[in-house]
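Report on the following structure.
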Amino acid sequence: TKEADKPVCEPVSKTSTPNQAVPTSVTMDTPPPEVRLSKLEEFQSKQKLIEEQNRKRREMLTEAINSRKQQTDKETRKLELVQQELSKIDVMLTSDVKFLRNSIEQASLEFMEAQKRYDRAEKEFVEAKLHLFSSLERKELLTDHLCTIIEQNELRKAKKLEELMHELSLDSKVESK
């Protein structure tokens, strides 16, 4: 900026006067000093304007960068918070899954034990039922056999009584004669 502050053109010395003789070759190529001075002022004012615009642009860029940095920092904090929450959820999920797997394993062991107990009970039930039916069948056979024996015994008794009655009646007839 120090170089930009220095004038590009050297000012015309005030010691020269318009009455002095200037060679014609210089007069045609160079503008009069008033024009040079106004061009220098115009250049300096343009330069100041450009410098002011550049300063404002730098300030705007700095503000934009700071604003974006703040937004980025906010978003970073939000993302970190979200990441922490997701980590908590993952930990809870892992804990729940572990608990449920252990519970399922325990339930599976209990189921297998209950299945074994049921199978033993079912086998015992089937054996008891078979024993019940065989005992019932034996009881019925024995009952039938008892009934047969009793019936045969009653028939024998009846026959014997008939024989005895017959003998008595014959004996009484024989005695009555």
Side-chain angles (χ1 to χ4, degrees), residues 1-5 43-177:
T1 58
K2 289 194 176 209
E3 290 177 27
D5 290 341
F43 174 75
Q44 287 176 342
S45 69
K46 280 184 182 179
Q47 184 179 6
K48 284 182 182 180
L49 179 66
I50 291 172
E51 285 175 358
E52 183 63 26
Q53 287 175 345
N54 286 343
R55 186 186 62 76
K56 286 182 180 178
R57 286 182 185 146
R58 272 194 295 273
E59 285 177 4
M60 288 173 45
L61 278 173
T62 304
E63 286 178 23
I65 288 170
N66 287 338
S67 173
R68 294 258 175 106
K69 187 176 184 302
Q70 287 175 350
Q71 286 177 341
T72 304
D73 289 345
K74 283 181 185 177
E75 288 178 6
T76 301
R77 285 191 296 273
K78 285 179 184 178
L79 288 174
E80 287 173 352
L81 183 65
V82 167
Q83 189 66 32
Q84 288 174 354
E85 292 298 317
L86 287 175
S87 294
K88 287 178 186 177
I89 291 171
D90 284 345
V91 166
M92 288 190 309
L93 174 70
T94 302
S95 174
D96 290 347
V97 166
K98 184 178 180 182
F99 174 76
L100 287 174
R101 283 184 177 163
N102 289 339
S103 298
I104 289 170
E105 188 172 334
Q106 183 64 33
S108 180
L109 291 173
E110 290 174 4
F111 172 78
M112 288 190 307
E113 187 61 37
Q115 184 70 40
K116 287 178 186 176
R117 186 171 167 234
Y118 173 79
D119 290 342
R120 285 191 303 265
E122 185 179 34
K123 182 180 177 186
E124 186 179 336
F125 172 75
V126 169
E127 288 173 356
K129 196 170 185 179
L130 288 174
H131 183 67
L132 173 71
F133 286 132
S134 66
S135 297
L136 179 64
E137 190 176 320
R138 184 167 184 257
K139 178 189 154 216
E140 287 175 355
L141 284 174
L142 289 173
T143 303
D144 286 346
H145 188 61
L146 177 64
C147 289
T148 304
I149 289 175
I150 291 173
E151 185 181 349
Q152 287 176 355
N153 191 34
E154 288 299 320
L155 286 175
R156 270 187 277 161
K157 271 189 194 178
K159 189 177 180 185
K160 189 69 168 180
L161 282 174
E162 219 179 284
E163 282 176 12
L164 286 175
M165 294 266 297
H166 188 60
E167 277 181 29
L168 276 177
S169 62
L170 282 181
D171 275 349
S172 54
K173 282 186 186 177
V174 171
E175 282 183 19
S176 28
K177 284 190 189 174

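Numbers here simply count residues along the sequence, with the first being 1.
Atom CG of D119 is separated from atom CE of M112 by 12.5 Å, given to the nearest 0.5 angstrom. With rounding to the nearest 0.5 Å, the separation of CG in L168 from NE2 in H166 is 11.0 Å. A distance of 11.0 Å separates CD in E162 from CG in L155, rounded to the nearest 0.5 Å. In this structure, the separation between CD on E80 and NZ on K78 is 13.0 Å, given to the nearest 0.5 Å.
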Got a list of side-chain donor-acceptor pairs under 3.5 Å for residues 87-104, not counting sequence neighbours?
from	atom 1	to	atom 2	distance (Å)
S87	OG	Q83	O	3.0
T94	OG1	D90	O	2.7
N102	ND2	K98	O	3.4
S103	OG	F99	O	2.9

Which side-chain N or O atoms in residues 125-145 pair as donor and acceptor under 3.5 Å with protein atoms at least two apart or in another chain?
from	atom 1	to	atom 2	distance (Å)
S134	OG	L130	O	3.2
S134	OG	H131	O	2.9
S135	OG	H131	O	2.8
T143	OG1	K139	O	2.6

Exercise answer: donor-acceptor pairs, residues 60-75 side-chain atoms, under 3.5 Å, sequence neighbours excluded:
from	atom 1	to	atom 2	distance (Å)
T62	OG1	R58	O	2.7
N66	ND2	T62	O	3.3
T72	OG1	R68	O	2.7

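Here the side chains of I150 and E154 are in contact, with some heavy-atom distance below 4.5 Å.
Surrounding CD of E163 are more than 12 heavy atoms belonging to other residues, nucleotides or ligands, all under 6.0 Å away. Within 6.0 Å of CD on Q115 lie more than 12 heavy atoms contributed by other residues, nucleotides or ligands.
Electrostatic pairing of E124 and R120 does not count as a salt bridge here, judged by no charged N lying under 4.0 Å from a carboxylate O.
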Review point. Are R77 and L81 close enough, and set up right, to give a side-chain contact (heavy atoms from CB on, under 4.5 Å), and what steps lead you there?
Key: CA-CA 6 Å; R77 285 191 296 273; L81 183 65; over 6 Å; no
